[in-house]
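To keep things clear, I will list the structure first and then write my remarks on it.
Bear in mind the structure is a predicted one, so any value in this text is a computation, not a measurement. Letters go in sequence order (proteins before strands), and every chain restarts at 1. No hydrogens, no waters, no symmetry mates; every other heavy atom, side chains included, goes into these values.
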There are 2 protein chains.
Amino acid sequence: MDKKSPIQITLTKRDEAVTITQWVYSTLRNAVMNGQILPGRALTIRELATILDVSPMPVREALRQLAAENALEIQGNRRVIVPKMTAMKFSELCEARINLESHAAARALPYIDNEKLAELIALDKEIDEAQDNGDLEQITIRNQRFHRRLYTANPHQVTLPLIESLWLQLGPFMKLANSRLKEHYTIDRHNEALEAITKKDALALQMAIASDIREGFAFAGTPELLYNFIEQAAADAI
Amino acid sequence: MDKKSPIQITLTKRDEAVTITQWVYSTLRNAVMNGQILPGRALTIRELATILDVSPMPVREALRQLAAENALEIQGNRRVIVPKMTAMKFSELCEARINLESHAAARALPYIDNEKLAELIALDKEIDEAQDNGDLEQITIRNQRFHRRLYTANPHQVTLPLIESLWLQLGPFMKLANSRLKEHYTIDRHNEALEAITKKDALALQMAIASDIREGFAFAGTPELLYNFIEQAAADAI
DNA sequence: TACCACGAAATGTGATCACAAATAAATAAA
DNA sequence: TTTATTTATTTGTGATCACATTTCGTGGTA
């Protein structure tokens with residue numbers, strides 16, 4: 001593995017209303033989320049500043065924020081890297097997701113009225129559309145939007161930032177997990193969740209969310225499969 | 001409530017080996033944790049820099065990091081404040097703690113050998129000592145150390161940062177919660193937890209942790225009690 | 001060939017400065 | 001006295017620079 005492998009970051013137009021730091025932050029966040037940066041690859045402030053065509057200052061702030069969200073890792077030597085994934089860590093992240101997200105879903109349930117339910121149904125339909133088009137990126141985005149909308153139905157909710165941190169750490173795997181949706185579409189977990197919501201059945205909702213997450217990551221059920229995927233993802237990233 | 005109420009931050013000696021940013025970070029973190037900064041009070045970079053006798057730069061970085069950990073809140077106007085607590089939010093934070101920490105405990109259980117168990121027993125004894133001395137600050141610190149040691153027994157654990165974020169948001173309430181330990185010492189939940197560990201009983205361990213957390217915050221069982229405490233804490237902070 | 005030492009380049013940290021936006025203060029109008 | 005409006009001050013953002021530490025490349029030694 002080349003230590004100086006080139007970093008290919010998708011650049012989006014910068015909105016003038018947003019600060020440079022925020023733009024850099026979301027740009028780097030997407031890069032991590034899409035697996036565009038190799039795990040273990042050292043990220044230097046000046047290099048990123050050059051790539052993004054900004055001064056080092058906003059990059060510093062964005063890196064520190066991402067590190068605080070566990071998306072990046074600050075090593076003892078003060079180097080910043082994308083954390084390396086292991087089979088065990090992957091497993092822990094999945095279990096944490098299942099635990100936290102079914103909790104968040106159950107806590108949101110009492111707040112979901114007909115209007116919000118309709119909104120969720122609409123979001124689910126959008127996922128299906130992206131599914132039909134085979135648009136992986138949109139599937140991931142819309143799937144996250146569905147979950148986010150569900151959890152934030154609870155106006156006092158405090159777990160979404162924690163959940164997003166887990167999503168961020170799962171990063172590139174999220175995309176692949178969502179692509180697997182069609183492979184187990186025989187059991188549509190989102191529909192199950194929506195049914196549970198209409199019945200106000202908290203336990204059924206938790207089960208649906210848990211299954212949704214678990215089945216999505218079933219591809220990495222064994223350490224061998226996960227290892228193969230990590231290797232493949234690394235190869236794709238180059 | 002005075003908008004320009006003075007900020008009283010406990011200053012500790014700066015270790016030369018540590019960066020200024022890290023020192024500022026932990027100093028501010030403690031200030032938040034101890035409720036030394038009033039919720040809603042605007043924190044300005046330059047003011048803190050003056051108080052801490054450093055340049056604005058390390059303060060900027062520390063504030064951003066604390067905001068990423070949900071310890072501080074960046075408002076739309078780019079002002080940084082300590083988030084205000086509400087009864088509902090408090091309730092959500094407690095439930096999130098119970099959920100996440102019992103999960104973390106159960107996941108750590110398989111990794112706890114006799115050596116680690118002995119360590120936990122020793123830590124528990126230290127809590128009792130602080131309890132006898134009535135040293136509130138030490139009780140909090142050692143209590144957190146006990147929980148942290150338990151969860152980190154799992155070498156692949158990923159939830160501790162999330163748990164610490166919740167601790168940080170609960171902030172000043174943690175201290176009071178721990179002071180309540182003696183009031184329900186008839187049922188020592190840590191002992192219950194240690195027993196469950198020796199029996200390798202995951203469910204019992206989860207129950208013990210859940211009870212430990214729940215009973216600690218029982219003082220804020222009703223919105224009225226919580227409201228009273230918030231008012232009192234605000235008065236004390238001045 | 002493998003290992004170590006030394007010098008050069010690169011990097012993170014922190015300070016200072018400029019500027020635009022936001023807040024606070026002061027003045028004018030009702 | 002209260003409310004608008006203008007002016008003055010403060011504040012966050014971002015750029016640039018200096019310095020100590022780390023990393024890397026080169027050459028020499030076992």
Side-chain angles (χ1 to χ4, degrees), chain A residues 1-7 9 11 13-29 37-38 40-68 71-83, chain B residues 1-7 9 11 13-29 37-38 40-68 71-83:
Chain A
M1 188 169 65
D2 197 347
K3 278 202 170 183
K4 281 279 179 179
S5 59
I7 297 178
I9 296 178
L11 298 176
K13 187 79 177 177
R14 178 168 78 224
D15 183 357
E16 296 292 334
V18 118
T19 64
I20 297 181
T21 301
Q22 286 170 323
W23 177 77
V24 171
Y25 167 76
S26 54
T27 302
L28 291 179
R29 190 183 202 275
I37 304 173
L38 247 60
R41 170 71 152 82
L43 297 178
T44 67
I45 295 174
R46 285 175 174 85
E47 182 187 12
L48 291 174
T50 306
I51 293 174
L52 301 176
D53 193 31
V54 296
S55 92
M57 188 64 49
V59 177
R60 272 168 71 171
E61 306 231 331
L63 286 182
R64 186 167 291 274
Q65 188 171 344
L66 286 165
L72 298 176
E73 184 183 326
I74 301 180
Q75 300 189 125
N77 42 358
R78 294 171 183 179
R79 267 282 159 79
V80 174
I81 64 167
V82 177
Chain B
M1 187 169 66
D2 198 347
K3 274 202 172 185
K4 279 278 179 181
S5 58
I7 297 178
I9 295 177
L11 297 176
K13 187 79 179 177
R14 179 166 76 224
D15 184 357
E16 297 291 335
V18 116
T19 63
I20 296 180
T21 301
Q22 285 171 323
W23 176 78
V24 171
Y25 166 77
S26 54
T27 302
L28 291 179
R29 190 183 201 277
I37 306 173
L38 247 60
R41 171 70 153 83
L43 297 178
T44 67
I45 295 174
R46 285 174 173 88
E47 182 187 13
L48 291 174
T50 306
I51 294 174
L52 301 176
D53 193 31
V54 296
S55 90
M57 189 63 50
V59 178
R60 270 169 73 170
E61 307 230 332
L63 286 182
R64 187 166 291 273
Q65 188 171 345
L66 286 165
L72 299 176
E73 185 183 326
I74 303 180
Q75 301 187 128
N77 42 357
R78 294 172 184 178
R79 267 279 160 81
V80 174
I81 64 167
V82 177

Does L48(B) form a side-chain contact (heavy atoms from CB on, under 4.5 Å) with I9(B)? I'd like the steps, not just the answer. CA-CA 9 Å; L48(B) 291 174; I9(B) 295 177; 4.0 Å; yes
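- Note that the CG atom of L38(B) and the CD1 atom of I81(B) stand 11.0 Å from one another [nearest 0.5 Å].
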If you apply the rule side-chain contact (heavy atoms from CB on, under 4.5 Å), what do you find for V82(A) with L72(A), and how did you get there? CA-CA 5 Å; V82(A) 177; L72(A) 298 176; 3.9 Å; yes
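- If you measure from atom CZ of R46(A) to atom P of dT22(D), you get 16 Å, rounded to the nearest angstrom.
- Contact between the side-chain N/O atoms of N77(B) and the OP1/OP2 oxygens of dA21(C) is not found at any separation under 4.0 Å.
- Atoms CD (E16(B)) and C1' (dT13(C)) sit 14 Å apart, rounded to a whole Å.
- Per the geometry, CG belonging to L43(A) stands 16 Å off C1' belonging to dT23(D), to the nearest Å.
- Contacts between residues 57-66 of chain B and DNA chain C, defined by a heavy-atom separation below 4.0 Å, involve M57(B), P58(B), listed by number.
- Taking the side chain to side chain donor-acceptor pair (under 3.5 Å) definition, one finds that Q65(A) meets it with R64(B), sequence neighbours left out.
- Between the two ends of the helix from dT1(C)-dA30(D) to dA30(C)-dT1(D), each summarised by a five-pair axis, the helix axis turns through 20° (rounded to 10 degrees).
- For the pair E47(B) CD and dA22(C) P, the computed distance is 21 Å after rounding to whole Å.
- Rounded to a whole Å, the CD atom of Q75(A) is 14 Å from the C1' atom of dT11(C).
- We find the CZ-CD distance between R41(A) and E47(A) to be 4.5 Å, quoted to the nearest 0.5 Å.
- Interatomic distance, OG1 of T50(A) versus CD1 of I7(A), reported as 11.0 Å (0.5 Å rounding).
- Closest contact between the side chain of R79(B) and the listed nucleotides dT11(C), dG14(D), dT23(C) involves dT23(C).
- Legend: residues meeting side chain to side chain donor-acceptor pair (under 3.5 Å) with R14(B), ordered by chain and number and at least two apart, are absent.
- For the pair I45(B) CD1 and dG14(D) P, the interatomic distance rounds to 11 Å; values are reported in whole Å.
- For DNA chain C, the residues of residues 18-25 of chain B within the heavy-atom distance limit of 4.0 Å (strictly under) are T19(B), I20(B), T21(B), sorted by number.
- dA20(D) atom P lies 13 Å from atom CZ of R78(A), rounded to whole Å.
- Summarising the geometry, atom CZ belonging to R79(A) is positioned 13.0 Å from atom CD1 belonging to I74(A); distances are rounded to the nearest 0.5 Å.
- Taking side-chain N and O atoms only, T44(A) has a distance below 4.0 Å to OP1 or OP2 of dT11(C).
- With a 6.0 Å radius and a threshold of 12 heavy atoms from other residues, nucleotides or ligands, N77(B) has its CG atom above the threshold.
- By the 4.5 Å heavy-atom criterion applied to side chains, R60(A) and R60(B) are not counted as neighbours.
- Both V80(A) and P56(B) lie near DNA chain C, and the one whose nearest nucleotide falls closer to the 5' end is V80(A).
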Which atom pairs, one a donor and one an acceptor, fall under 3.5 Å between side chains of residues 15-22 of chain A and the rest of the protein, sequence neighbours left out?
unit_1, atom_1, unit_2, atom_2, d
D15(A), OD1, A17(A), N, 3.0
T19(A), OG1, Q22(A), N, 3.2
T19(A), OG1, Q22(A), OE1, 3.1
Q22(A), OE1, T19(A), N, 3.2

